[in-house]
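This report concerns only the one structure given below.
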Number of protein chains: 2
Amino acid sequence: MATPWLDGRELRAWIRLRGVLELLPGVLDSQLRRDADLTEFEYYVLAMLSEAPSGTLRMSELGRQTNATLPRLSHVVSRLESRGLLERRPCPEDRRATNAGLTEAGWRKVREAAPGHVVTVREHVLDALTDEQVDQLAAITDALLARLDPTGSMAATYTRYDGVPDAPTGSTAPPTGG
Amino acid sequence: MATPWLDGRELRAWIRLRGVLELLPGVLDSQLRRDADLTEFEYYVLAMLSEAPSGTLRMSELGRQTNATLPRLSHVVSRLESRGLLERRPCPEDRRATNAGLTEAGWRKVREAAPGHVVTVREHVLDALTDEQVDQLAAITDALLARLDPTGSMAATYTRYDGVPDAPTGSTAPPTGG
DNA sequence: GCAGCAAAGTTGTCGCTACAACTATTCCGA
DNA sequence: TCGGAATAGTTGTAGCGACAACTTTGCTGC
């Protein structure tokens, strides 16, 4: 039962990953907060809606696509609703469920915010890597997500890549118009 | 000035990295909270101290090694101090500075908590990757940190690897005894 | 030897997230 | 068809982190 301490190689990878975990969210948050008065998470809520048919999604599906728990999402959606960026409506087919849909102001907001966010992601992530590293990163994060979310209950956003391009499911794809 | 939208490859890497950013901290936090009544960040504060001479470090240096701002660190150190896990003492050489040092209880706590944390890191990160991917991850995160922290003001924990093994500077190296 | 700026920490407040508890539907089996 | 479990979502609360404001000490130029 000896503890399997990390060796030098493992330690380097882990400590640096931990650094990224600590620093990257803050960078993304502060750009969006400054330029669009949105949290990174709030932005993704709007972005995922903007890519759904009619800009509408069930709460639970929205939660999966943003990797969020339902309580967290519910609070965030309440705030966004009170700001007039989206609306809640009861789902006719399942009376337990709630649909969240973008309002006109929500569409505008996400279209305004998207370009700046993409630039930030490029500057701080993609531009730092070679093409090869981008693919390596996709494979690595894919493997990690399989451990972190084994049931795939939050899998919507990282559908395995089998050579067929994903449908544009990104936060950082152009918002598909109304 | 057209927005440089992400293409399919980039989108996959990014969305998955974002998923890891969202899910991994929670996994680490909840294990440590459950088994050691510590936040992942609190654990790293103790761990970094445990690897410093005499278990003592200046606040600002501790902040660099944990990738934390000073206000955040100050709050956390206050809590840990009130729990008896470390002590603050004014630094004799620079009267602006404060040293934080582990107490006996702090040493015990970090030694107790370390094995479970290492196992969690292995299970959810390293074991999911091939040896080659571990090295790729180190290179990728190194490149990202260069963008996220260009001045290196939080660089202590990711000293570039040039073929010379780092000194054991990890959270996940065995706590070097008192 | 002092004016002014930088560095090191601390503190207060606000907002977000995790967790637990709860309600309301739907599904399933006998 | 009815009782129990699972699903979908909301709400209350406590705690952590970001940000701004502030104090104290050290450094530099003149």
Side-chain angles (χ1 to χ4, degrees), chain A residues 21-34 37-45 56-83 86-101 151 153-154, chain B residues 21-34 37-45 56-83 86-101 151 153-154:
Chain A
L21 253 40
E22 204 70 67
L23 298 178
L24 185 47
V27 169
L28 301 172
D29 262 341
S30 60
Q31 179 270 321
L32 278 166
R33 213 177 256 294
R34 174 169 45 84
D37 192 31
L38 287 175
T39 304
E40 196 259 6
F41 182 71
E42 289 172 337
Y43 172 77
Y44 267 82
V45 168
T56 297
L57 237 33
R58 260 145 112 133
M59 291 291 286
S60 48
E61 178 59 22
L62 188 51
R64 294 205 302 121
Q65 295 197 16
T66 53
N67 301 296
T69 59
L70 229 22
R72 180 185 180 191
L73 182 62
S74 182
H75 280 129
V76 171
V77 164
S78 295
R79 283 174 235 140
L80 293 175
E81 190 173 24
S82 74
R83 293 170 62 183
L86 53 74
E87 277 178 352
R88 268 193 261 233
R89 350 177 114 255
C91 173
E93 300 139 27
D94 183 339
R95 298 212 313 254
R96 293 170 301 181
T98 306
N99 288 320
T151 72
S153 62
M154 294 175 170
Chain B
L21 253 41
E22 203 70 67
L23 297 178
L24 185 47
V27 169
L28 300 172
D29 262 341
S30 61
Q31 180 270 321
L32 278 167
R33 214 177 255 294
R34 174 168 45 84
D37 193 29
L38 287 174
T39 302
E40 196 260 4
F41 183 72
E42 290 172 334
Y43 172 77
Y44 267 83
V45 168
T56 296
L57 238 33
R58 261 154 118 131
M59 291 291 286
S60 47
E61 177 59 21
L62 188 52
R64 294 206 301 119
Q65 295 197 15
T66 53
N67 301 295
T69 60
L70 229 23
R72 179 185 181 189
L73 182 62
S74 183
H75 280 131
V76 170
V77 164
S78 295
R79 283 173 232 140
L80 293 174
E81 191 174 23
S82 74
R83 292 169 64 183
L86 54 74
E87 277 178 353
R88 267 193 261 233
R89 349 176 117 254
C91 173
E93 301 140 27
D94 184 339
R95 297 214 313 256
R96 292 171 301 180
T98 306
N99 287 321
T151 73
S153 63
M154 294 176 172

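All values reported here derive from a predicted model rather than from experimental measurement. Letters go in sequence order (proteins before strands), and every chain restarts at 1.
- Residue whose closest nucleotide on DNA chain C sits further toward the 5' end, between A:Arg95 and B:Gly26: B:Gly26.
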(message) Base contacts versus sugar-phosphate-only contacts with protein, heavy atoms under 4.0 Å: please encode nucleotides 11-16 of chain C as B, S and - from 5' to 3'.
(response) BB---S
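- For B:Arg96, whose side chain is taken as the heavy atoms from C-beta onward, the closest listed nucleotide among C:dA24, D:dG26, D:dC19 is D:dG26.
- Within a 6.0 Å radius of CZ in A:Arg34, more than 12 heavy atoms belonging to other residues, nucleotides or ligands are found.
- In this structure, B:Glu61 atom CD and C:dG9 atom C1' are separated by 15 Å, rounded to whole Å.
- With rounding to the nearest 0.5 Å, the separation of CG in A:Leu38 from CZ in A:Arg83 is 5.5 Å.
- In this structure, the CG atom of B:Leu80 is 12 Å from the C1' atom of D:dC16, given to the nearest Å.
- At least one side-chain nitrogen or oxygen of B:Ser60 sits closer than 4.0 Å to the OP1 or OP2 atom of C:dG9.
- In this entry the distance linking CZ of A:Arg58 with C1' of C:dT26 reads 11 Å, nearest Å.
- Distance check: A:Leu32 CG to A:Tyr44 OH gives 9.0 Å after rounding to the nearest 0.5 Å.
- B:Arg79 and B:Glu81 are not joined by a salt bridge, as no carboxylate oxygen comes within less than 4.0 angstrom of a charged side-chain nitrogen.
- The CE atom of B:Met59 sits 14.0 Å away from the CZ atom of B:Arg64 when rounded to the nearest 0.5 Å.
- For the pair B:Asp29 CG and D:dG15 C1', the interatomic distance rounds to 12 Å; values are reported in whole Å.
- One distance of note links CG of A:Leu62 with CG of A:Leu86; it measures 8.5 Å at 0.5 Å rounding.
- A:Met59 places its CE atom 10 Å from the P atom of D:dT11, with the value rounded to the nearest Å.
- Following rounding to the nearest Å, A:Arg34 (CZ) and D:dA18 (C1') show an atom-to-atom distance of 15 Å.
- Of the candidate nucleotides C:dT10, C:dA18, D:dT25, D:dT25 has the atom lying nearest to any side-chain atom of B:Asp94.
- Taking CG of A:Leu73 as the start and CG of A:Leu80 as the end, the distance is 9.0 Å to the nearest 0.5 Å.
- The CG-P distance, from A:Asp37 to D:dC19, rounds to 13 Å in whole Å.
- Residue pairs that meet the salt bridge (charged side-chain N to carboxylate O under 4.0 Å, His left out) test with at least one member in residues 67-77 of chain B, sequence neighbours left out, are A:Glu22-B:Arg72.
- The interatomic distance linking B:Glu93 (CD) with C:dA8 (P) rounds to 14 Å, in whole Å.
- Checked by atom type, the side-chain pair B:Arg89/B:Thr56 shows no donor-acceptor distance below 3.5 Å.
- An angle of 30°, rounded to 10°, separates the two end axes of the helix from C:dG1-D:dC30 to C:dA30-D:dT1, each defined over five pairs.
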